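Reviewing the structure listed below.
We count ligands from 1, going down the list as the structure has it; atoms in each ligand are counted the same way. Note that the coordinates shown come from a computational prediction; the quantities given were computed from them, not determined experimentally.
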Amino acid sequence: MDTRQDLKKAKRLVVKVGSSVICEKDAVSQGRLRALAGQFGQLNRRGYETIIVSSGAVAAGFRKLGLHCRPTTLKLKQVCAAAGQVSLMIAWEKALGAFDLKCAQILLTADDFSDRSRFLNARNTFISLVEMGVVPIVNENDTVAVEELKVGDNDTLGSMVANLTEADLFINLTDLDGLYDSDPRKNKSAKLFLEVPKVDKNVLNLAGTDGGPLGTGGMFTKVRAAGRLADRGLASLIANGHTRDVLIRIMAGEELGTFFKPSKKTRKARKHWLAFAARPKGSIIVDQGAALALVERGKSLLPGGIVDIVGLFDVGDPVSIADRTGTNIGVGLTNYSSPEIKLIKGHTSKYIEKTLGYSHSEEVIHRDNLVIF
Ligand code: GLU
């Protein structure tokens with residue numbers, strides 16, 4: 001999916017719709033859902049498999065519960081999400097049903113991505129649903145997720161779902177036409193980017209952070225999500241969900257929105273999962289020599305360079321790697337548990353067998369199971 005023309009070859013699409021797209025005056029709008037559902041109906045009839053990531057639970061919930069504005073405390077957000085999610089799904093079911101589409105609800109949270117077996121189970125369910133022609137509708141399971149354990153915004157959630165389901169394209173629908181060189185709400189001559197070849201620091205700086213009154217993420221989380229997918233070799237688009245037939249026109253190759261090109265140098269699925277979804281169970285602190293070997297020379301992590309560990313972890317767990325100043329260098333899957341590393345740290349690899357009576361491998365973290373930031 002290197003160019004927009006390639007999009008015609010796409011099969012599996014993940015489309016995120018923000019609150020700003022589906023709500024009107026703070027309430028989920030049946031008319032807006034219907035306009036989108038008509039497009040999903042057409043796409044499915046043409047053989048595309050579609051997955052929707054829909055915000056709007058909190059927005060639907062606070063209206064339903066008679067609150068005057070979007071809640072700010074976690075407790076109220078969770079209450080509104082619980083009350084609103086059911087209304088949101090009823091609205092989607094009605095809208096999609098009018099175009100003969102069946103839908104299914106999938107509520108996920110960060111744990112479902114960080115635990116490899118839950119990740120794979122979720123993937124199987126998604127794939128079975130789309131193969132049966134059912135449209136999965138995803139949202140974060142706001143009711144159970146405490147702030148630290150949340151994915152936090154549906155741009156990130158959408159990109160994680162696109163990765164999980166190995167989609168060909170992620171389309172992020174919002175209330176702007178795409179990424180501009182300055183804020184189009186403040187600057188009338190702001191220029192829209194039709195294509196972003198690479199998401200680097202400069203591009204992220206352009207994105208700003210303001211999410212508007214209804215949504216959680218701003219352009220920043222959208223662009224960051226696109227960058228992470230590009231890194232995985234997946235194409236994505238940010239486009240305006242209010243543009244007539246936007247999805248159909250994008251899939252026909254029309255130049256709507258901002259197209260984020262997938263990177264040529266991509267990370268394998270497992271490394272992508274390590275970098276963006278795995279939740280480290282602890283950290284390994286390394287000396288300067290080891291930090292250099294990891295960052296500059298692409299080496300594995302050996303026991304000799306380890307100065308300390310933080311937390312309790314087991315063999316195979318994801319752990320973060322930091323230098324002595326606390327700077328996070330990367331994340332990897334450890335071959336040794338924290339009690340084992342306590343015994344072998346600072347020593348050469350030969351010492352492993354002598355000390356433990358066995359050796360799984362010379363490296364504490366092998367390069368193949370390591371992502372450097
Ligand atoms: N999960 C939230 C909701 O449904 C939305 C999060 C977001 O918009 O990023 O209200």
Check whether the side chains of [X] and [Y] place a donor and an acceptor atom closer than 3.5 Å, and report yes or no.
| X | Y | value |
| --- | --- | --- |
| Glu131 | Ser128 | no |
| Glu24 | Ser29 | yes |
| Thr325 | Asp323 | yes |
| Asp155 | Asn172 | yes |

For the 3.5 Å polar cut-off, considering only N or O atoms, please tell me whether [X] and ligand 1 meet it.
| X | answer |
| --- | --- |
| Val58 | yes |
| Asn154 | yes |
| Gly152 | no |
| Ser54 | no |
| Ser55 | yes |

Report, in ascending order of atom number, the atoms of ligand 1 lying under 4.0 Å from any heavy atom of Asp142.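 So the answer, numbered in order with elements, is 1 (N), 2 (C), 3 (C).
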
At a 4.0 Å threshold, what atoms of ligand 1 neighbour a non-hydrogen atom of Asp153?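 Under 4.0 Å from Asp153, ligand 1 has these atoms: 9 (O).
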
Shared hydrophobic cluster for Leu294 and Val331 (ILVMFWY, side-chain gaps under 4.5 Å):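 No, because Leu294 and Val331 fall into different hydrophobic clusters, even though each may have its own neighbours under 4.5 Å.
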
Should one rank Leu107, Thr156, Asn139 by closest heavy-atom distance to atom 1 (N) of ligand 1, which comes out on top?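 When every heavy atom of Leu107, Thr156, Asn139 is considered, Asn139 comes closest to atom 1 (N) of ligand 1.
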
Record the part of Thr221 in heavy-atom contact with ligand 1 below 4.0 Å; permitted values are side chain, backbone, both and neither.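 Neither; nothing of Thr221 gets under 4.0 Å from ligand 1.
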
Is ligand 1 less than 4.0 angstrom away from at least one heavy atom of Gly56?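 Checking ligand 1 against Gly56, which is what was asked, there is a heavy-atom contact under 4.0 Å.
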
To the nearest 0.5 Å, tell me how far Ile309 CD1 sits from Ser283 OG.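 Spacing of CD1 (Ile309) from OG (Ser283) equals 9.5 Å.
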
About how many Å separate CZ of Phe259 and CD1 of Ile250, when rounded to the nearest 0.5 Å?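 With rounding to 0.5 Å, CD1 (Ile250) is 10.5 Å from CZ (Phe259).
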
